[in-house]
Amino acid sequence: MLEIIPLVLGPVATNAYLVGDPQTQTAVVIDPAWDGELILAEAQRRAWRIEQVWLTHAHFDHIGGLAALVKGILPPPPIALHPADFSLYSIQGGALLFGMKIDPAPEPTIRLKAGQNLTLSNRTFVVRHCPGHTPGHVVFYCAAEKVMFCGDVIFWGSIGRTDLPGGNYDTLIQSIRTHILTLPEDTRLLSGHGGETTVGWEKRENPFLS
Ligand SMILES: [Zn+2]
Ligand SMILES: [Zn+2]
């Protein structure tokens, strides 16, 4: 059974997730949004070793804490990102566009692709490619834990914005219908911003999907 520690961080209140197995004391960080030292301290408090960093996409508010986080870990954990977001990553996630500045982090060495399996402890997470918010946006689905980390694809009662470079509304809706609404209704959706929701609730109540 995995433990999920949500941390709301940074200038646009982004959800970073520290996900760990208390038994094996291994963990991953999904979207180290901001304040890398703080995320690291949460792991150290539990004596968890951060093995990998998984990025849903490369927007600055999801990677702002990445440089400080990996600097504090030896050896530094590999970073996983879909290659279609590499160019966004190389310009610090578009931080300048928002008048922000973040520290550049090491290159991602795990090139995510659709259908790929990621592992934490004895759990498998399947990578699903969900473009529309950014071209290389992915979500991480763990069937055994009935949970999906869905970044900025879908939010409680809303969907990701598509007006930023690389965004596309029709593509986003298609991604949601194909990769999220097809999951069991009791699947928890843990988004990049705001509170958690479920597939069933969004199917019935999300005004963008009716
Ligand atoms: Zn985003
Ligand atoms: Zn975001």
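Numbering starts at 1 and runs along the sequence shown. It should be emphasised that the depicted structure is a prediction, and the values quoted were computed from it without experimental measurement. Just so you know, ligand 1 is whichever comes first in the structure, and atom 1 is the first atom listed for that ligand.
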Results of salt bridge (charged side-chain N to carboxylate O under 4.0 Å, His left out) for Lys113 - residues two or more places apart only: none
Centroid-centroid under 6.0 Å between Phe60 and Phe98 rings: yes
ILVMFWY clustering at 4.5 Å (side-chain atoms), partners of Trp201: Trp156
The Zn ion (ligand 1) to nearest N/O/S of His133 below 2.8 Å: yes
Polar protein atoms near the Zn ion (ligand 2) [N, O or S; cut-off under 2.8 Å]: Asp61 OD2, His62 NE2, Asp152 OD2, His193 NE2
Side chain proximity check, Trp54 to Val29, heavy atoms < 4.5 angstrom: no
For Glu42, salt bridge (charged side-chain N to carboxylate O under 4.0 Å, His left out) partners two or more places apart: Arg45, Arg46
With Asp152, the side chain to side chain donor-acceptor pair (under 3.5 Å) member among His137, His59, His133: His133
